[in-house]
Every structure is written in structure tokens, then in C-alpha cells.
Protein chains: 2
Amino acid sequence: MKAFIEYVAAELSMEDPKSEYPNICAGTDRYAMYKVGPVLSVSHGMGIPSISIMLHELIKLLHHARCTDVTIMRIGTSGGIGIEPGSVVVTKTSVDATFQPKFEQVILGKTVVRNTDLDESLAKELLQCGIELNQFHTVVGKTMCTLDFYEGQARLDGAFCSYTEKEKQDYLHKAQEAEICNIEMESSAFAAMCKLSGVRAAVVCVTLLDRLKGDQLSSSHEVLQSYQQRPQILVGYYIRKQLNAKVKPC
Amino acid sequence: MKAFIEYVAAELSMEDPKSEYPNICAGTDRYAMYKVGPVLSVSHGMGIPSISIMLHELIKLLHHARCTDVTIMRIGTSGGIGIEPGSVVVTKTSVDATFQPKFEQVILGKTVVRNTDLDESLAKELLQCGIELNQFHTVVGKTMCTLDFYEGQARLDGAFCSYTEKEKQDYLHKAQEAEICNIEMESSAFAAMCKLSGVRAAVVCVTLLDRLKGDQLSSSHEVLQSYQQRPQILVGYYIRKQLNAKVKPC
């Protein structure tokens, strides 16, 4: 998150050579938060429960701070399905492990189903940014969100595995037929909570590998590092473009 | 986790004044890991997805390192139900938000139900340690594990709330009738995975508040800090007792 805020500060020409960008949430172990200009960068941990705690608290913070015209974007990594590693996927809809576009929130012991569509116009604008940047492959597609990284994503290399390579491949190919481009672990709760709050939101994840070809990362450390920078390059470009448009309306 | 390893090092008289207890997992953002003598202390983030990634990787590590006679304990904080804040709850069984003793793991899109009982004899030994220490209230009881901290735990102070104070109280009182002592967010996956691996396991959480009386922490920072040390005091005492018994069999 600190790396992102340093990147954005440079992108927006808001660097302060004396600034150390302090962690605003230094008093807690839960998250780290950094700010430059109108941009807040917050870590969210791994998985739906972790990101949902952060979002509850962030949404309350934005409300009390009377922020308006807010856009929230999750940037991160994911496993691709049938697309070139290093591709950046802008999520259209988040689906669950049965490929359904929904998020099940348990409230007072009862399951409530929530919508997981992400903002369509924002996804298109981000895709356009990818085309303008012309540095890496950017697509808009469905993202599968799971509760587990190993068994939940059909990996064969966890501590337990009760299925065969063929069963794994059948499952992942079905996901591909359902037009799922990538798999990660936060998008469904993120989409549902942002939608409930009326906040424009996007999920922008790079794929580190093609899960149809394996479970483990095979690219070099340098290549993976460069992949991980792609969502921040795309989102940084989008933020600069938005702010420039506001300063100089045409 | 570093605080715990420093505490255990002192408790086991294994302190090395020159040692800085380096983070063994410093190369990743995922977790922090520290080691002293036969004790490994690992952070697990918040929620089931986060702890399940750590456990998959820890169980594989322990297997490849040929560790035997392993015991895994989760120490942490929780919300109490009808018990004095500062009480330490040793979990007997982890139940879900419908009070059922089960963990649902989604594998290849299908739900598999797993057992969430924790080691009964270990829980009894930890309770006995609490009695011997005689520093705070220690109980063995059921723990409810939820996927969310706000709506999932019937809090009224999240970003969204679709229920009344009365509905919240009805739900929490039903949990109390079901003999649930506390609520946290990791125990069910933890219990299920340790059981599947054949590893003795315990969940030891202090309660920071009584949820029947409110949602927010009202104790002072100092009091909360002292509460948070209680699980490590209990587990540190247990470890010392076990190691002493091994060195000097009687």
C-alpha cells in the first residue's frame, strides 16, 4: 500500500521529498493506510472476512469525513483461467465457487443474498485506460471469488487434496465455459458492500499464472514483481486522467 | 507474534540477549513467523480464508520438516456471551452462525461438511493450567465462528444494519442458550484442518467485552492490553509444564 501511494504521488506530481507517508493506522495491527492528495491506499488482508471488516470501517470513515464522489478500487493478484499470465482483469461481475453472481451474507444466522455486479461504466473506462497505456493485456470479465486458496480453488498442492488432476481440470474448464477469467478471494464481498453503499467500485487484478496449466508460480521473481505493478499502473493512470479532467474540463 | 515468542523465550529460560528473533517469513507480506526452541509462533490474519492459507502451508512445512508430536494452538481475542470480560475461553467445539458444530468447505463447487471438535484432553489440561495459575477466569465452552465481524456477529455499529436491537438481543440470547461462550472468526476452519491432519489443537481466546451488554470496547487501553496477554500467559504456562514433564519424567 505504501508502494502504491508513492507511485500515485509521483504519478500525480504530488511527491513531497520530505514526506515519509506515515501509516495513518499505525495504532492497529489490522490494516495499513496511506494518503496522498485525494487518494487513500488501504491494505485489506486476505479473504472476504478480512476485507469486509476493513470496508465496514472505511465506509463509516468516509461517511463521517463527509467525502463525496468516492470511487473504491481493489487492486491485487489472482490466478487466471485460460489467459496469458500478466494479463490485467477488470471484474465485470464476481461469481462464487458454483459460478453464480451472488454473495451470501449470514445475518442473525440467516443467509441474505447480495448482488455482486461492479460498476459497468467504470470497468469500461479502466479498459480504455489499458488500451491507451498499451503496456499489457487488459480485459473485462467475470472473476470467481472463493473462501479458500487451496481446496477452494481446485489446487492439488495444499495440505489436503481429495480430488484428481482430471476432476480439477474439469472444474476449471467449466469455470472457463462460464466465462470466468480469473480467481481471487475478496471481490464478491467487496462488490456487494460497495453496491449497498452506493459507491462506484472496481476490482483490478493481474493474473500471475494460468491455472489450466498449473498450481504454482513458474515465472521469475522479477517477472512476478513487474506483473504485480500492472494494476497500480492502470489505476494510477486512471486517477491522473480523472483528476486532470476535473482541473481542466473540456 | 513477536511479543509471544519473547514471552515464551523468557518463560522457558531460552532468552538470548543478543537474539532479535528474526521474522522467518520476512520475504512475504502474508504472515510473520518466529521461533524459539521447539515453539513456532505464526500470525494468521483475520478470518477463515486467511487462517486456512496459513494452516495449509504450516501443515506442509511441519510435514517436510518431519516434526512429530505437534500441538497447534490459536491464541487471540473474542467477544464473550454472558461471561465477564477478561475471561479466557478454551474452545470445546466450534459452531457456525446457526449454532451447528460444523465447517463447510467448498471443494470443486460442492460443499463438504467437516467436524469442528477440538481435542478434549488438551482443553482439560489447559483448564487445569488456568486453575493452577489462578490469575483469571478460565472456562471450556463452545465458540461461535463467523465470516463477518459486524452483520455476522449481530453488531449494530457496522456500515450497514438491517435489524433492531431487540432482534440482535434475541439472536445473542439464543446463542447463549446453545451454550456458546464466545464469538470469533477462525476457530471452525482451524479445528477442521487440525483434525483432518491428526494434530492436537486448541483455541484459547480472551473475551474483550460481553456482547449481551454492547458492541464496542469500553475498557481502558491498559485493561484491554492486560486481557490480551492472558491467552499467552495460559499457553506459555502449558508449554513450560509440558517441556518440564518431558525433561524430568516422574
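Note that the structure is predicted; figures quoted are calculated from it, not measured. Only this structure's heavy atoms are used, side chains among them; waters, hydrogens and symmetry mates stay out. Numbers restart at 1 for each chain; the letters A, B, ... are given by sequence-line order, proteins then strands.
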TODO: Apply side chain to side chain donor-acceptor pair (under 3.5 Å) to B:Gln169 and B:Glu165, showing your working.
DONE: CA-CA 6 Å; B:Gln169 287 295 341; B:Glu165 164 78 29; 3.0 Å; yes

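Here B:Ser52 is the residue among B:Gly47, B:Ser52, B:Ala175, B:Ser162 with the most heavy-atom pairs under 4.5 Å with chain A. Comparing B:Leu147, B:Leu172, B:Asp157 by how many heavy-atom pairs each has under 4.5 Å with chain A, the most go to B:Leu147.
Between B:Lys166 and B:Asp170 there is a salt bridge, since at least one side-chain N of the basic residue sits less than 4.0 Å from a carboxylate O of the acidic one. The pair A:Glu151-B:Arg114 meets the salt-bridge criterion, with a side-chain N (NZ, NE, NH1 or NH2) lying under 4.0 Å from an Asp/Glu carboxylate O. No salt bridge links B:Asp215 with B:Arg155; every basic N to acidic carboxylate O contact stays at or beyond 4.0 Å.
The list of ring-ring contact (aromatic ring centres under 6.0 Å, His included) pairs with a residue in residues 193-214 of chain B, not counting sequence neighbours, is empty.
Annotation: residues 106-113 of chain B contacts chain A through B:Val106, B:Ile107, B:Leu108, B:Gly109 [non-hydrogen atoms, separation under 4.5 Å]. For residues 53-79 of chain B, heavy-atom neighbours of chain A at less than 4.5 Å comprise B:Ile53, B:His56, B:Glu57, B:Ile59, B:Lys60, sorted by residue number.
Each of B:Thr116, B:Thr143, B:Asn182 was evaluated against B:Thr91; a single residue qualifies, B:Thr143, per the side-chain hydrogen bond (donor to acceptor under 3.5 Å, both in side chains) test.
Heavy atoms closer than 4.5 Å to chain B are found nowhere in A:Ser43, neither backbone nor side chain. Using a 4.5 Å cut-off between heavy atoms, A:Tyr163 touches chain B through its side chain atoms alone. Residue contact with chain B, scored on non-hydrogen atoms closer than 4.5 Å, involves the backbone and the side chain of A:Met193 alike. If you measure heavy-atom distances from A:Gln105 to chain B, the contacts under 4.5 Å come from the side chain alone. For a residue to count as touching a neighbouring chain, one of its non-hydrogen atoms must lie under 4.5 Å from one of that chain's; by this rule A:Glu167 touches chain B with backbone and side chain alike.
In terms of heavy atoms, B:Tyr21 sits closest to B:Lys35 at CD2-O, 4.3 Å. A:Ser94 approaches A:Ser187 most closely through the heavy-atom pair OG-OG, 2.8 Å.
A cation-pi arrangement, defined by a distance under 6.0 Å to the six-membered ring centre and an angle within 45 degrees of its axis, is present between A:Arg30 and B:Phe149.
For the pair B:Ser50 (side chain) and B:His44 (backbone), a donor-acceptor distance under 3.5 Å is present.
Residues that satisfy the ring pair (Phe, Tyr, Trp, His ring centres under 6.0 Å) test with B:Tyr227, not counting sequence neighbours, are absent from this structure.
In this structure, the separation between CD1 on A:Ile48 and CG on B:Asp148 is 10.5 Å, given to the nearest 0.5 Å.
By the neighbour-count criterion of 12 heavy atoms within 6.0 Å, atom NZ of A:Lys168 is densely surrounded, having more than that number from other residues, nucleotides or ligands.
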